[in-house]
Protein chains: 2
Amino acid sequence: MDSFADRTKRRLRDELLDAAYDAIVAGGYDGLRMNDVARRTGVSRQTVYNEFGDKWGVLQAVVVRETERFLLDVNAALAEQSDPIDGLRVAVERALTLAGDNPLVKAALSQPGSDQASQLLTTRGQQVLEVSHQRLDAHVREHWPEIPPEDATSCVDVALRVVLSHIVTPGPPPAAVAAQLARVLTPFLSSYRRQV
Amino acid sequence: MDSFADRTKRRLRDELLDAAYDAIVAGGYDGLRMNDVARRTGVSRQTVYNEFGDKWGVLQAVVVRETERFLLDVNAALAEQSDPIDGLRVAVERALTLAGDNPLVKAALSQPGSDQASQLLTTRGQQVLEVSHQRLDAHVREHWPEIPPEDATSCVDVALRVVLSHIVTPGPPPAAVAAQLARVLTPFLSSYRRQV
DNA sequence: ATCATCTGTCCGGCCTCTTGACATTTGAGG
DNA sequence: CCTCAAATGTCAAGAGGCCGGACAGATGAT
């Protein structure tokens with residue numbers, strides 16, 4: 001069920017992703033060399049292809065893992081609030097702040113030779129959206145079961161897309177964006193408020 | 001040189017030894033089951049045989065690893081003293097104290113069904129002696145180069161055997177044994193003292 | 001135009017782990 | 001004393017994954 005081989009497999013994947021992450025942060029997507037990833041992990045180049053298919057697969061896997069870690073942090077911020085509106089505001093602010101400091105986001109958006117990488121947040125952003133949506137949705141349903149699933153999903157979707165847009169195209173500071181979004185969505189969520 | 005496969009191999013060995021260690025501490029040598037070690041590590045029974053040869057090999061490997069860890073601690077105590085006699089006393093006391101608290105030593109000496117295990121400290125103790133001697137000798141030569149190698153070796157050998165004897169057959173408390181040994185060997189080492 | 005570098009693919013060989021079977025030993029219980 | 005169950009130790013066949021080398025194609029620099 002959880003054999004040594006399974007754990008080894010996961011570890012291999014994880015170490016490969018570590019190496020790839022470092023390479024991308026250092027030199028953007030174009031600076032990512034399959035051979036470097038392999039050598040730095042102490043494995044053959046072929047093994048990297050076996051694991052991820054191609055270079056694009058490596059980038060996707062790095063981004064998915066990073067997204068999941070990112071969401072853990074955002075969900076933790078969500079969990080600290082009992083009122084849904086407060087949660088929304090805090091989570092949005094946290095997400096935007098985190099993104100601004102995230103080395104991988106910086107590399108994807110501002111490194112020369114990362115046009116392809118940035119597409120994972122825009123035209124090819126389904127994966128990031130899906131992973132994020134799934135995690136946020138599950139969390140919201142668990143913490144605010146009184147909100148109808150459909151309403152929760154709608155809110156998550158709206159907020160998520162607005163946040164992603166602000167990551168790709170920064171505007172006002174995080175707190176301002178969070179306040180704005182909270183204000184706009186408050187009427188929609190007013191019946192579920194938990195005033196302290 | 002340090003491929004992923006190498007690291008995995010070391011990790012496998014280490015996890016097997018962890019499982020074996022726990023089993024021995026819990027149930028003595030007789031309570032050690034090859035099948036349990038394998039299953040607990042998530043590996044087949046055959047793999048355990050491939051790695052250690054037989055059950056006796058497992059025990060030996062566990063003891064060698066534990067000895068090396070033990071010596072790291074003792075050598076750290078040695079390193080804190082500038083005077084060789086002080087080092088001797090402090091190291092002896094530390095070794096006896098550590099041994100008294102060590103779960104594996106307890107299991108080997110007092111668990112029912114560990115007669116064979118206890119032999120690794122007595123009639124079949126060459127391995128433990130050699131490993132310990134090697135580590136201590138190297139450490140002494142590095143820290144007190146002014147002591148002739150032959151004298152250093154002799155002192156290490158005498159002290160080591162006395163300490164091992166006191167572990168197997170406890171007598172006075174650690175501090176008393178340490179003081180006694182230091183007093184006896186002081187004349188032999190007097191010319192190398194570094195009085196503070 | 002040429003050369004070097006990188007991606008992506010294929011394949012044969014090798015090594016390790018797995019699986020199942022088997023003989024042998026040992027201890028407990030009828 | 002005999003039997004059964006459990007554990008050790010050995011063997012061989014099979015599978016899976018990694019390695020190493022080779023190759024074609026694309027790309028960019030000189």
Side-chain angles (χ1 to χ4, degrees), chain A residues 1-20 22-24 26-62 111-117 119-120 124, chain B residues 1-20 22-24 26-62 111-117 119-120 124:
Chain A
M1 192 62 82
D2 185 51
S3 69
F4 182 81
D6 293 337
R7 273 174 284 151
T8 299
K9 189 83 180 159
R10 281 200 300 271
R11 188 179 305 274
L12 170 60
R13 191 179 170 88
D14 232 50
E15 292 191 21
L16 289 172
L17 290 179
D18 288 342
D22 291 346
I24 293 172
Y29 182 69
D30 286 357
L32 174 64
R33 300 275 174 269
M34 300 298 269
N35 206 3
D36 290 349
V37 173
R39 284 297 155 214
R40 205 179 302 188
T41 311
V43 95
S44 76
R45 196 165 62 95
Q46 182 61 39
T47 300
V48 183
Y49 282 96
N50 289 343
E51 188 65 34
F52 301 107
D54 56 14
K55 188 171 168 176
W56 183 255
V58 174
L59 177 63
Q60 274 187 311
V62 167
Q111 274 268 6
S114 280
D115 348 353
Q116 320 218 34
Q119 294 188 337
L120 277 181
R124 299 196 192 175
Chain B
M1 192 59 82
D2 186 51
S3 68
F4 182 79
D6 293 337
R7 271 173 287 153
T8 299
K9 187 85 180 159
R10 281 200 298 272
R11 189 178 306 273
L12 169 60
R13 190 180 170 88
D14 231 53
E15 291 191 21
L16 289 172
L17 290 180
D18 288 342
D22 290 347
I24 294 172
Y29 182 69
D30 286 358
L32 174 64
R33 299 273 174 266
M34 300 297 271
N35 207 2
D36 290 349
V37 173
R39 284 297 155 214
R40 205 179 303 186
T41 311
V43 96
S44 77
R45 196 167 62 95
Q46 183 61 39
T47 300
V48 183
Y49 282 95
N50 290 343
E51 187 65 32
F52 301 108
D54 56 14
K55 188 172 168 177
W56 183 255
V58 174
L59 177 63
Q60 275 188 309
V62 167
Q111 274 269 7
S114 280
D115 347 354
Q116 319 219 36
Q119 293 187 337
L120 277 181
R124 300 197 191 175

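In what follows, chains are A, B, ... by sequence order, proteins preceding strands, each numbered from 1.
The stretch residues 4-14 of chain A has no heavy atom under 4.0 Å from DNA chain C, so no residue of it qualifies as close.
At least one side-chain heavy atom of B:Phe4 sits less than 4.5 Å from a side-chain heavy atom of A:Thr8. Side-chain contact between A:Val62 and A:Phe52 is absent, with no heavy-atom pair separated by less than 4.5 Å. The shortest distance between side-chain heavy atoms of A:Gln119 and A:Tyr29 does not fall below 4.5 Å.
Between B:Leu17 and B:Val58, the closest heavy-atom pair is CD2-O, 4.3 Å. Minimum heavy-atom separation, A:Val37 to A:Ala20: CG2-CA, 4.0 Å. Nearest approach of A:Lys9 to A:Glu51, heavy atoms of both residues: NZ-OE1, 3.4 Å.
A close approach under 4.0 Å does occur between a side-chain nitrogen or oxygen of A:Thr47 and OP1 or OP2 of D:dC19.
Along DNA chain C, the nucleotide nearest A:Gln46 and the nucleotide nearest B:Glu51 are compared for position; the residue whose nucleotide lies closer to the 5' end is A:Gln46.
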Distances for protein N or O near nucleotides 6-9 of chain D N or O, under 3.5 Å:
unit_1: D:dT8; atom_1: OP1; unit_2: B:Leu32; atom_2: O; d: 3.4
unit_1: D:dT8; atom_1: OP1; unit_2: B:Met34; atom_2: N; d: 3.2
unit_1: D:dG9; atom_1: OP2; unit_2: B:Lys55; atom_2: N; d: 2.8
unit_1: D:dG9; atom_1: N7; unit_2: B:Arg45; atom_2: NH1; d: 3.1
unit_1: D:dG9; atom_1: O6; unit_2: B:Arg45; atom_2: NH2; d: 3.0

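With sequence neighbours excluded, the residues satisfying salt bridge (Lys or Arg N to Asp or Glu O under 4.0 Å) with B:Arg7 are A:Glu15, B:Asp2. Every residue meeting the side chain to side chain contact (heavy atoms under 4.5 Å, CB included) condition with A:Asn50, not counting sequence neighbours, appears here in chain and number order: A:Gln46.
The span of DNA chain C lying next to chain B, judged by atoms under 4.0 Å from heavy atoms, is bounded 5' to 3' by C:dC17 to C:dA21.
Residue pairs meeting the side chain to side chain donor-acceptor pair (under 3.5 Å) criterion with at least one member in residues 35-45 of chain B, sequence neighbours excluded: B:Ser44-B:Thr47.
Panel note: side chain B:Asp6, backbone B:Ser3; a donor-acceptor pair is recorded below 3.5 Å.
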